[in-house]
Every structure is written in structure tokens, then in C-alpha cells.
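Labels below follow one simple rule: chain letters A, B, ... track the order of the sequence lines, proteins then strands, and each chain is numbered from 1. In this text the structure is predicted, and so the values were computed from the model without any measurement. The basis for the numbers below is simple: all heavy atoms, side chains too, and nothing from hydrogens, waters or symmetry mates.
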Protein chains: 2
Amino acid sequence: MHSGEMTKQKDKSKHHHGNLREALVEAGVELLTEGGIPALTLRKCAAKAGVSHAAPAHHFDGVEGLRAAIAGEGFRRFRLAMLNAADKGPQTPRNRLKGICRGYLDFARQEPALFDLIFSFRANSKLIGDLATSSAPSYQVLRDACAPFVPEGTDPVVIETQVWSLIHGYAQLILTGRFGAGSTPDEPVLALLDQIGARPAP
Amino acid sequence: MHSGEMTKQKDKSKHHHGNLREALVEAGVELLTEGGIPALTLRKCAAKAGVSHAAPAHHFDGVEGLRAAIAGEGFRRFRLAMLNAADKGPQTPRNRLKGICRGYLDFARQEPALFDLIFSFRANSKLIGDLATSSAPSYQVLRDACAPFVPEGTDPVVIETQVWSLIHGYAQLILTGRFGAGSTPDEPVLALLDQIGARPAP
DNA sequence: CATAGCATCTTGACAGTGTCAACTCTAGGG
DNA sequence: CCCTAGAGTTGACACTGTCAAGATGCTATG
């Protein structure tokens, strides 16, 4: 922990925090990892950053805007987790795809609240545009890993949908505790990845 | 929907509503379909059922208990959606499995808020026990459809995890608007079901 | 350099939410 | 017939998001 004990030292002047926006996002990430999505509160973020409860309104469009900004940071970490896992082991296309998926699961397990947040926005959200831009780099990582398995002349979205659905569903079901407490057999899902991109059955 | 226009006529006596518990769950489902998860509020449920704001406390353990009870109704409808879709078409094991998955998607698209709710409980929830019992029949439907594809002497959880992860991830990604606005190509996912249960590559 | 503008932050207020305690009412059993 | 326990009400409290109005200090422009 060792962070959060000072709640932002107001060195000299009260006003003009300097980089309040970043501080609020950072505080939000901490609240999220500590207490999950219900703990992510506008007022608590402000308190943790050492400002008054109405200060965030000058940097975000309400609490939804703050959540979107924190999701942006979440997507950044999400992408790094995937790339980090993909860079391990022999760099064959198949192994790299599996690495991306392992990173997907690593992120879901290590930062479950952040994972929840970035996938909590529904299609009808007003911020779906902002989210699309901040999430694009993450999705591109997955797309790139799928590219080698796209048959000539077919739409890449086919393979991407298969891989993404499989790994995302598995991650989601783990987080909702649908596979009992202890056992989380990744093998079935990772094994199915070996079949993806194979020649369709005649 | 011709229901909800009277907000429960208090026929004779104010007290002893009669079946307030069911009325609250019904009101909750309506609120959910009208305004999504954020609209599901204890006080609004009480108002819609025609009782005071503190009445639900005598039937549910706080708002989380109410959400769990509504999720129970959600799981019931979820199971019916899957069974209804599975009963269409020729009753081969493969076609039945696809029907179950089509029902899975039907429910997610037709009742997105209810779908959100039943999968919104995290593994650390205190009600994970209650949820396990109320959701068991739904999951059993999926398990039964997977059974014919489980190779002799192997753990059924392998196939089940593959199928469930695939279809659940796809449903989730649809609801979060990750596949653009209009196009929702179900074919890639349903096609992959044809490969599931096949002999593992030599 | 001075000052006016403006972004930033504070204070105070309000409605909505969940929860608790104390109270009222009704039904049903001794 | 009473009278106890469940069912519902009322009122209060803390917490949340949001808005309006005011205070503050950076900065650009004269």
C-alpha cells in the first residue's frame, strides 16, 4: 500500500492542483482495486486526490465521464498485459495468439475490477465514441495476433470474433465465479485455440 | 404492456399486501427492462408495488437481496429462452446444441438488462450461494446439450467450458457494442460449434 | 507592469438512494 | 377475547451526484 496516506499534500496553494485529472484517475484506479466497482465514487475520488467534492466536474463530464477516463487507463494496462504475455515463449503465430489470450486472462484475474469497468459500458452509452477510441489500441493487439490465421480472401472479423468471444467469455465466467471456487481449467479454452483457423470441415 | 398502470390497487386494507414479494420482483423486472440496471432501485420498486419505501426490507436482505431475487426470475426466463430455441428444428444433438446457443443469444438481445443482471454478481458476492441454486437449472440445460459431445472417459467440464465461454463471450461483446452498430454476424460463432467435440488434431 | 479574463477549486444546497429505529396496524392463535 | 408476531409506515440519517454561486490565482493582453 504505502500510498494514499497523504491524500495529496497541498504544498503551497489550495487552488490549481496542477494535474488533478491524472490524480483523480489514479485515485479511481486505487478505489477500484480496493473495493470493486461499487467503491468507485466521485466524492471518494475527490477526497483521495485532496480536493473538494465538486472539483472533478471541471475535468470530467459527471461520474460517467470519470468512469470513462479510468476505463481509458484500464485499456492501456489491458493492452500491456496482453503484449507482455505474448512476448514470452517462441514467437510463432500460434504461440503468440495463445500468449495474447493468456494476457487477457492475466489481466482479468489480476485486476478484476478494472476488467469489469472497461467492459461495463453498454452499447447505448453516450460515451461509446470516446470508449471506442481509447479501446482501439487494445483491440488492435488482438486483431494483429489473429491476422496470421485469416484464410485468404475471407473477412478477418470471422476469426477475430471466434477468438475474442471465446477468451472474453471464459474471463467473464471466471470473474462471476461460475466455475466453482478453486479450479479454473484454462486448458480447454486454450486448446480450442489450436482448432481455430483450421480448415473448415468438408 | 397493459400492466403497471394501476401500481397495485390497495383494495381494502393498507397493510398485508398479500404477495408483496412477487409484486416487488415483477416491478423490478419492469424497471429493469425500461431503464436498465441503473433504473433498478429499491424505492422505485416499492413505489411501483404501491408500498412504502421501507416495506421491501421485510422480504429481502437489502437491495442486494432484491437484485438476487430478480435474478432468480431472470434465470427462469433465461432457461425457457434456451429450451424454446432448442426445441425448434430437427432434434439432432448438434442442432440442439446450436439451438441452445441461439436461445442464449436471443435472451441476451431481447432482455439485455435482465441478462446483465444475472451475470452481474461477482465471485465474492455474499449471495453466490443463493445464486448458485437459482441458476443451476439454467446451467443444467446447457450441460445436457453438451453431454452428447463429451468423449468417453473425459471430464464433461472441458466441452462445457468451451461452449459456454464461446457463446457467453459473444453475447457479452454484442451487448457492450463491440462489433459496431448494425452488423452482428452470428455465423462465425455458431460455425465454431461444429468443430467443438471433434477429435483433437493429431 | 497592471489588470481583466478565465480556468480552477470551494462552499452550500438539493434530490435521490439504502438503511435503520420506532411506530401502527392487522391477522391468527393461546 | 386478548395479545403477540408479522407486515407496512413514518421519520431520520449518511452517502451519492449535480448544480449554482462565489473565491482564487494563472495568464494573456493592453
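In the displayed structure, B:D61 atom CG is contacted under 6.0 Å by at most 12 heavy atoms of other residues, nucleotides or ligands.
Atom CZ in A:F60 sits about 11 Å away from atom P in C:dC9, given to the nearest Å. Rounded to whole Å, atom C1' of D:dT18 lies 14 Å from atom CG of A:L66.
Sorted by residue number, the list of members of residues 112-130 of chain B with any non-hydrogen atom under 4.0 Å from DNA chain D is empty.
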A correct 5'-to-3' footprint of nucleotides 11-20 of chain C, with B, S and - meaning base, sugar-phosphate only and no protein heavy atom under 4.0 Å, is BBB---BBBB
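Salt bridge absent: A:E64 and A:K126 never bring a charged side-chain N and a carboxylate O closer than 4.0 Å. We find that B:K48 and B:E34 are joined by a salt bridge, their nearest charged nitrogen and carboxylate oxygen being less than 4.0 Å apart.
A cation-pi arrangement is found for B:R67 relative to B:F121, the charged atom lying closer than 6.0 Å to the ring centre and inside a 45° cone about the ring normal.
A:Q195 contributes a side-chain N or O that, together with a main-chain N or O of B:Q195, makes up a donor-acceptor pair within less than 3.5 Å.
Side-chain contact, A:D144 with A:Q140: a donor N or O sits under 3.5 Å from an acceptor N or O. In summary, the side chains of B:S135 and A:R178 do not present any donor paired with an acceptor at a separation below 3.5 Å, with no hydrogens or angles considered.
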Please test B:W164 against B:Y104 for side chain to side chain donor-acceptor pair (under 3.5 Å), starting from the C-alpha separation and ending with a verdict.
CA-CA 10 Å; B:W164 197 3; B:Y104 207 109; 2.9 Å; yes
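Checked against B:C146 for a side chain to side chain contact (heavy atoms under 4.5 Å, CB included), the options B:T161, B:V163, B:V141 give a single hit: B:V163.
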Between the protein and nucleotides 3-7 of chain D, which nitrogen or oxygen pairs come in under 3.5 angstrom?
| from | atom 1 | to | atom 2 | distance (Å) |
| --- | --- | --- | --- | --- |
| D:dA7 | O4' | B:H16 | NE2 | 3.4 |

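Between B:F78 and B:F107, the ring planes lie tilted relative to each other; the angle falls in the 30° to 60° range.
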